[in-house]
Asks: 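Pasting a structure below so you can have a look.
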Amino acid sequence: MQPYSPDKPSAPRREGVKFEDVRLYLVERKMGRSRRSFLTELARSKGFIVEDVLSDVVTHVVSEDSQASSLWAWLKGGSVKNLPVMHVLDISWFTDSMREGKPVAVETRHLIQVCICFLNYSFTCTSGFSLQDAFEVLAESHEFNDMEGPCLAFRRAASVLKSLPWTVQNLRVTEDLPCLGEHSMCVIEEILQHGRSFEVEKILSDERYQILKLFTSVFGVGPKTAEKWYRRGLRSFSDVLAEPSIHLNRMQQSGFLHYGDISRAVSKAEAQALGNIIDEAVHAITPDAILTLTGGFRRGKDFGHDVDFIVTTPQLGKEERLLTSVIDRLKHQGILLYCEYQASTFDESKLPSHRFEAMDHFAKCFLILRLEDSQVDGGLQTAEEDRRGWRAVRVDLVSPPVDRYAFTLLGWSGSRQFERDLRRFARMERRMLLDNHALYDKTKKEFLAATTEKDIFAHLGLEYIEPWQRNA
DNA sequence: TGCTGGCAAACA
DNA sequence: TGTTTG
DNA sequence: ACAGCA
């Protein structure tokens, strides 16, 4: 079904289409009606498809309004589900493409980069309530203003709301929840009544917030660095990159270099392709090595923001060497774009800590790998005009000793909420301490060994739960 | 009323 | 040392 | 300036 009516005078023409997979939508706001028609005709005459209506078939949104909060606010209006996979571009991409006579590759300078959270917030307030996004915005805004107390409080409020199994419909159910005080309750009430919060919208339309949000979206740039740049008058990525006195560290360099790729979702097919690459590498080094895909993909999710693997070997004590060898091998293959290696700080006499989740002390590394299109079953999920033939992907490898493999697997498979619930159950109901390293029985004062996840569930007196059942 | 607010390791 | 990441 | 606690 097409999103336009074919009898409208401005219906896209089908003859002379040269680029079937690129569908433009031009935002009239700030552009004006006549200029929009002119640009539409120009593009169509060069073989582009231009849609009259914003819908799910659109792949490239082009706007002249690059101070972007109003743009995103407007984009939310249409019930478009796949905004995250659309390119939202400024007019420079359009003019470049017209000059070339074909869709040019999307580069960082083309993107209209506004915070993802604005997008989430806008969605939730128009279709169903998920209050957590509003609180995430409040937390972030306080973080940018160096108010760590309120920031923490709003973050906790957001995570409490997220953990609720139901969607909040009225104030009563939230009355006796933890971490929701006077201020938070006011925000909730406002959103429940009017579908929006004045305070949150003020933050979202604040220029400083938008710019800091933009800067911190770069891998390696936190609030302090973002604010330093803002205070120096820098307002865009090109401002930062053009400033000679700024020297980016290694992390920030790859953050900018692979900005588009790293912020794009990773598909299941891409995760499996990465699995093949790592699999080949570990088995070339150690034939009986063990490799497991974890994280969201192990729970059956279709997309993720990175790909996590556990790598180990049956020979106890050799696992750390295996990991460094894998890194060396990837480097020699020329696909290692970034690597941060952390040696093991594992102490097996230590009791599992229930204070903090998902923090382990095994040898691990955070990588950015180059993934070739030809290695992916069905191809990379890139836009048609992206002719590089590869993309960058964030990959994490963790390498526990084999006798801790099951605990690490359970810990890295998530979800976060499932891990929290499981650890709380172990502690409260079984008087046991569980983390990524071990399971400890406080009553018997002994560690409980496990070679599989099933062993751990059995120790806890629970029926085995499949990974794809662990999303709640 | 006044204090606290998960951690460790790598980089520059 | 301060900043950032997971 | 937020929430929970001593």
Side-chain angles (χ1 to χ4, degrees), chain A residues 134-161 174-188 197 199-200 203 212 215-229 245-256 258 262 294-296 304-310 320 323 327 338-347 350-368 394-400 408 411-412 414 416 419-420 423-424 427 433 435-437:
Chain A
F135 282 91
E136 217 63 69
V137 170
L138 289 169
E140 199 147 31
S141 148
H142 284 89
E143 184 172 43
F144 290 157
N145 292 322
D146 223 20
M147 300 191 283
E148 293 180 46
C151 167
L152 189 60
F154 285 126
R155 258 192 228 297
R156 289 201 273 234
S159 100
V160 164
L161 292 169
T174 65
E175 262 163 12
D176 41 21
L177 288 173
C179 304
L180 296 178
E182 198 182 341
H183 191 145
S184 294
M185 292 301 280
C186 286
V187 175
I188 293 174
S197 155
E199 190 182 359
V200 173
I203 294 168
L212 293 186
F215 287 165
T216 53
S217 73
V218 177
F219 179 63
V221 180
K224 304 292 179 187
T225 311
E227 212 219 305
K228 209 185 315 178
W229 292 349
S245 63
I246 286 181
H247 48 290
L248 303 170
N249 65 31
R250 211 166 54 89
M251 214 184 263
Q252 292 159 349
Q253 285 175 33
S254 18
F256 275 112
H258 309 296
I262 290 177
T294 67
H305 85 285
D306 63 4
V307 192
D308 303 319
F309 295 98
I310 301 179
E320 199 159 351
L323 187 56
I327 294 170
Y338 175 85
C339 173
E340 187 181 317
Y341 173 74
Q342 291 188 5
S344 171
T345 56
F346 175 53
D347 177 354
K350 265 197 190 139
L351 294 185
S353 64
H354 58 274
R355 322 143 69 87
F356 183 50
E357 51 189 270
M359 194 60 214
D360 60 57
H361 300 115
F362 300 126
K364 61 169 83 66
C365 59
F366 312 117
L367 311 177
I368 297 175
R394 280 274 299 105
V395 176
D396 293 339
L397 305 181
V398 59
S399 190
T408 313
W412 277 62
R416 287 189 140 76
E419 301 295 331
R420 264 199 293 271
R423 284 164 205 218
R424 192 165 42 82
R427 197 171 68 249
L433 300 176
D435 70 2
N436 289 3
H437 313 88

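A, B, ... follow the sequence lines: proteins, then strands. Residue 1 opens every chain.
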Asks: Hey, does A/D396 reach any base, or is it just sugar-phosphate, or nothing, if we go heavy atoms under 4.0 Å?
Replies: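 Sugar-phosphate, backbone atoms only, no base.
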
Asks: With rounding to whole Å, what would you report as the distance between B/dG6 and D/dC5 at their P atoms?
Replies: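 Rounded to whole Å, the distance is 15 Å.
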
Asks: Within this structure, what is the CE-to-P distance between A/M147 and D/dC2, rounded to whole angstrom?
Replies: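 Interatomic distance, CE of A/M147 to P of D/dC2: 8 Å.
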
Asks: Could you please name the option among B/dG5, B/dC11, C/dT4 that lies closest to any side-chain atom of A/E340?
Replies: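 Among B/dG5, B/dC11, C/dT4, the one nearest the side chain of A/E340 is B/dC11.
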
Asks: Can you tell me which nucleotide in D/dA1, B/dA9, B/dG5 comes closest to the side chain of A/L152?
Replies: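 My answer, after comparing the listed nucleotides, is B/dG5.
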
Asks: Sequence neighbours left out, what passes side-chain hydrogen bond (donor to acceptor under 3.5 Å, both in side chains) with A/Q253? Give chain and number order.
Replies: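 Not a single residue meets the side-chain hydrogen bond (donor to acceptor under 3.5 Å, both in side chains) criterion with A/Q253.
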
Asks: Is A/E148 touching bases, backbone alone, or none of the nucleic acid, heavy atoms closer than 4.0 Å?
Replies: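 Answer is nothing: A/E148 stays at 4.0 Å or more from every strand.
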
Asks: What nucleotide, of B/dA12, C/dG6, D/dC2, holds the atom closest to the side chain of A/N249?
Replies: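 In terms of side-chain proximity for A/N249, the closest of B/dA12, C/dG6, D/dC2 is B/dA12.
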
Asks: Which nucleotide sits closest to the side chain of A/R156: B/dG5, D/dA1, B/dA9?
Replies: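 The closest nucleotide is B/dG5.
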
Asks: Taking only the side-chain heavy atoms of A/H247 (C-beta and beyond), determine which of B/dA12, B/dA8, C/dT5 contains the nearest atom.
Replies: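 Comparing B/dA12, B/dA8, C/dT5 against the side chain of A/H247, the answer is B/dA12.
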
Asks: Say whether, by atom type as modelled, one donor and one acceptor occur between the side chain of A/Q342 and the main chain of A/K364 under 3.5 angstrom.
Replies: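 The answer is no, because no donor-acceptor pair under 3.5 Å joins these two groups.
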
Asks: Which part of the nucleic acid, if any, lies within contact of A/G149, taking any heavy atom under 4.0 Å across all strands shown: a base, the sugar-phosphate backbone alone, or nothing?
Replies: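 Base contact.
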
Asks: Can you list everything that forms a side-chain hydrogen bond (donor to acceptor under 3.5 Å, both in side chains) with A/N249? Sequence neighbours excluded, please.
Replies: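 For A/N249, no residue satisfies side-chain hydrogen bond (donor to acceptor under 3.5 Å, both in side chains) once neighbours in sequence are set aside.
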
Asks: Base, sugar-phosphate, or nothing for A/R250, non-hydrogen atoms under 4.0 angstrom?
Replies: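 Result for A/R250 = sugar-phosphate.
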
Asks: Whole-Å distance between C/dG2 C1' and A/Q252 CD?
Replies: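 From A/Q252 CD to C/dG2 C1': 13 Å.
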
Asks: Rounded to the nearest angstrom, tell me the gap between atom CD in A/E320 and atom P in B/dA9.
Replies: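 These atoms are roughly 12 Å apart.
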
Asks: Would you find more than 12 non-hydrogen atoms of other residues, nucleotides or ligands less than 6.0 Å from A/E182 atom CD?
Replies: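 Incorrect, the count does not exceed 12.
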
Asks: Between B/dG6 atom C1' and A/E419 atom CD, what is the distance in whole Å?
Replies: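 A/E419 atom CD is separated from B/dG6 atom C1' by 16 Å.
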
Asks: Which nucleotide sits closest to the side chain of A/A153: D/dA1, B/dG5, C/dT3?
Replies: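 Within the option list, the nearest is B/dG5.
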
Asks: Checking all strands, does A/R394 fall into the base, sugar-phosphate, or nothing category for heavy-atom contacts under 4.0 angstrom?
Replies: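 Sugar-phosphate contact only.
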
Asks: Holding to ring pair (Phe, Tyr, Trp, His ring centres under 6.0 Å), I want the full list of residues that pass it with A/Y338, two or more places apart in sequence or in another chain.
Replies: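 A/Y338 satisfies ring pair (Phe, Tyr, Trp, His ring centres under 6.0 Å) with A/F219 only.
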
Asks: Suppose we screen for ring pair (Phe, Tyr, Trp, His ring centres under 6.0 Å). Which residues come up paired with A/F346, at least two apart in sequence or across chains?
Replies: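 Partners of A/F346 by the ring pair (Phe, Tyr, Trp, His ring centres under 6.0 Å) criterion, ordered by chain and then number, come out as A/F362, A/H437.
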
Asks: Please identify each residue that fulfils ring pair (Phe, Tyr, Trp, His ring centres under 6.0 Å) with A/H258, with sequence neighbours left out.
Replies: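 By the ring pair (Phe, Tyr, Trp, His ring centres under 6.0 Å) rule, A/H258 matches no residue at all.
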
Asks: Whole angstroms only, please: what is the CD1-P distance between A/I310 and C/dG6?
Replies: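 So the CD1-P distance, A/I310 to C/dG6, works out to 18 Å.
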
Asks: Any idea which of D/dC2, C/dT5, B/dA9 is nearest the A/M251 side chain?
Replies: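 Of the options given, the side chain of A/M251 lies nearest C/dT5.
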
Asks: Is there a donor-acceptor contact under 3.5 Å from the side chain of A/T216 to the main chain of A/L212?
Replies: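 Between the backbone of A/L212 and the side chain of A/T216 there is a qualifying donor-acceptor contact (under 3.5 Å).
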
Asks: What is the distance, rounded to the nearest whole Å, between atom CG of A/L138 and atom C1' of D/dA1?
Replies: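 A/L138 atom CG is separated from D/dA1 atom C1' by 12 Å.
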
Asks: Figure out the CD/C1' separation between A/Q253 and B/dA12, and round it to whole Å.
Replies: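 Those two atoms, CD and C1', are 12 Å apart.
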
Asks: Would you mind reading off the distance between A/N436 atom CG and B/dA8 atom P, rounded to a whole angstrom?
Replies: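 My rounded result for the distance is 15 Å.
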
Asks: Provide a list of protein-nucleic acid N or O atom pairs under 3.5 angstrom, restricted to nucleotides 4-6 of chain D.
Replies:
{"from": "D/dG4", "atom 1": "OP1", "to": "A/C179", "atom 2": "N", "distance (Å)": "2.5"}

